[in-house]
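Step one of this worksheet: look at the structure below.
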Amino acid sequence: MITEELKLRFEKIIELNDIDWSMIDNIVQKDANILRPIKGIAFEEYFKKILRKNINNINIQDGEGDSDVDVYVNNLKLQLKTPVKNSTTKDKFVGVALHKTHGLEKRPHNLYNSSEKTFDFLVLQHPESGIFIIPHNEIPKHNSWDGYLADPAKIEWENKRLNNWGVIGLDSIDGKIIDDRIAPKNSLLPFLSKETYLEDYEIIEMLCKPEYFRAAVMGLKGNLKEFWFEEYLRKQDLKVIQPEGPYPKYDVAIENKNGYKIKIQTKGTSKNMCDIDNNKIGVEIMGTHGRFPNRGYKRNELDYVSVIISNHQLPRVILDNKLHFILLPVKDLPMHYKINKGDFFKELDWNKKEYSDVLYPNIKLKLNLNNKKEIEFIPDIDSYGKSNGFNIIAEDSVFREAGPYKLDFIPDEFYN
């Protein structure tokens with residue numbers, strides 16, 4: 001059972017009040033990029049749960065955040081993984097992704113060095129039943145990158161290390177299948193319970209843990225806000241269109257009565273850029289991976305950025321527990337100050353034509369009450385300053401005079 005206290009704690013983390021549990025289940029079910037990391041951390045929780053259920057007073061400790069160790073058992077370092085469907089062949093191999101999710105993202109830097117034993121055992125959930133416990137020196141090596149572990153690594157379906165608990169000092173259960181994988185009944189989160197074998201309260205407790213925020217909750221939080229915004233647009237009798245093609249830069253589009261498609265990127269506010277006491281908010285407009293300038297959004301890729309604002313980030317004149325938004329026309333947003341200065345910054349990509357319209361990623365705004373006492377936001381130009389002698393916001397940037405942006409206002413072009 002999810003207690004009221006746990007529900008409120010979770011709502012504070014995701015910045016969404018009066019949560020509808022079915023909305024979480026629907027979002028996770030539709031988006032593999034959200035489900036995958038949640039299943040990964042859920043396996044950690046499930047693994048600890050079944051061990052404690054089968055062995056009294058077992059010595060288990062959690063690993064630390066973005067480290068290579070997820071769990072310590074009997075002081076042995078374990079890295080836990082769930083199988084990758086695309087590299088798994090039934091009755092032959094179980095595929096597992098073996099690359100670092102922190103630090104440098106390019107190969108071979110994101111691969112594990114086979115001679116550096118940063119963890120002792122790879123613990124891998126079998127697709128059907130049981131758990132592999134594979135010593136580090138038995139993990140397959142990479143075919144292309146000498147001295148590194150394979151990624152994906154393929155483990156034999158009937159490997160001798162399946163349920164080989166004895167190698168980590170658990171002789172009493174060696175060879176036994178201890179993961180019953182029974183989905184809880186009468187769940188408020190039926191899909192997630194079926195996928196993780198955890199009770200509702202265990203799933204939400206897990207998502208409330210700070211160490212799991214970046215891996216699993218950040219994506220869920222963003223998708224919940226996207227879902228809320230799309231539903232809001234539909235309620236305004238607007239024609240909502242889903243993105244087209246692989247890796248679209250926009251989250252949702254509106255087709256107005258003239259057949260014009262308006263592309264919108266939805267972003268939540270960035271906590272480290274908000275100063276609630278001084279009525280300031282900020283939002284980061286950039287991709288989740290890679291380096292600049294490639295990581296940046298380009299002006300020609302979007303029409304609007306929708307900034308979703310939580311009620312607690314607004315003055316006390318609004319007491320409705322709802323999310324709110326402002327729509328920023330991309331034509332108003334500042335260009336990156338490094339454009340055409342690649343020689344100076346020793347980053348020559350900035351001189352390329354393809355990066356000539358990259359947006360500056362940090363958009364800072366301050367609240368303004370107009371004559372009608374309506375809430376609106378304007379650019380907080382004074383908060384930018386200079387970098388290496390260059391104005392972060394160019395003197396001729398339209399952003400300096402842009403706005404105001406009224407709260408919950410939808411422009412006429414969305415309709416006509």
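Just so it is clear, the structure is predicted and the values come from calculations on it, not from any experiment.
Summarising the local packing, CG of Asn294 is surrounded by 12 or fewer heavy atoms from other residues, nucleotides or ligands at distances under 6.0 Å. The environment of Lys141 atom NZ is dense: over 12 non-hydrogen atoms of other residues, nucleotides or ligands sit within 6.0 angstrom. Within a 6.0 Å sphere centred on CZ of Phe191, other residues, nucleotides and ligands contribute more than 12 heavy atoms. By the neighbour-count criterion of 12 heavy atoms within 6.0 Å, atom NZ of Lys209 is densely surrounded, having more than that number from other residues, nucleotides or ligands. The number of heavy-atom neighbours closer than 6.0 Å to CG of Asn300, taken from other residues, nucleotides and ligands shown, is above 12. Heavy atoms of other residues, nucleotides or ligands lying less than 6.0 angstrom from CZ of Arg234 number more than 12. Taking a 6.0 Å sphere around NZ of Lys341, one finds it holds more than 12 heavy atoms contributed by other residues, nucleotides or ligands. Annotation: Asp146, atom CG; neighbour count of heavy atoms from other residues, nucleotides and ligands within 6.0 Å does not exceed 12.
Ring centroid separation for the pair Phe132 and His126 comes in under the 6.0 Å cut-off. Taking the six-membered ring for Trp, Tyr250 and Tyr304 have ring centres at least 6.0 Å apart. Ring pair Phe409/Phe325: centre-to-centre distance not below 6.0 Å. Taking the six-membered ring for Trp and the full ring otherwise, the centers of Phe345 and Phe390 sit less than 6.0 Å from each other.
Side chains of Asn113 and Ser115: a donor on one and an acceptor on the other come within 3.5 Å. Looking at Glu230 and Gln242, their side chains do bring a donor and an acceptor atom within 3.5 Å of each other.
Within the 3.5 Å criterion, the main-chain N or O of Ile50 finds a donor-acceptor partner in the side chain of Asn54.
The aromatic rings of Tyr384 and Phe399 sit perpendicular to each other, their planes meeting at more than 60°, with 30° as the lower class boundary. Classification of the Trp228-Tyr232 ring pair by plane angle, with boundaries at 30° and 60°, yields tilted.
Closest non-hydrogen pair, Phe43 versus Lys81, comes out as CE2-O, 3.4 Å.
The one candidate from Asn74, Val73, Leu76 that meets the side-chain contact (heavy atoms from CB on, under 4.5 Å) condition with Asn59 is Asn74.
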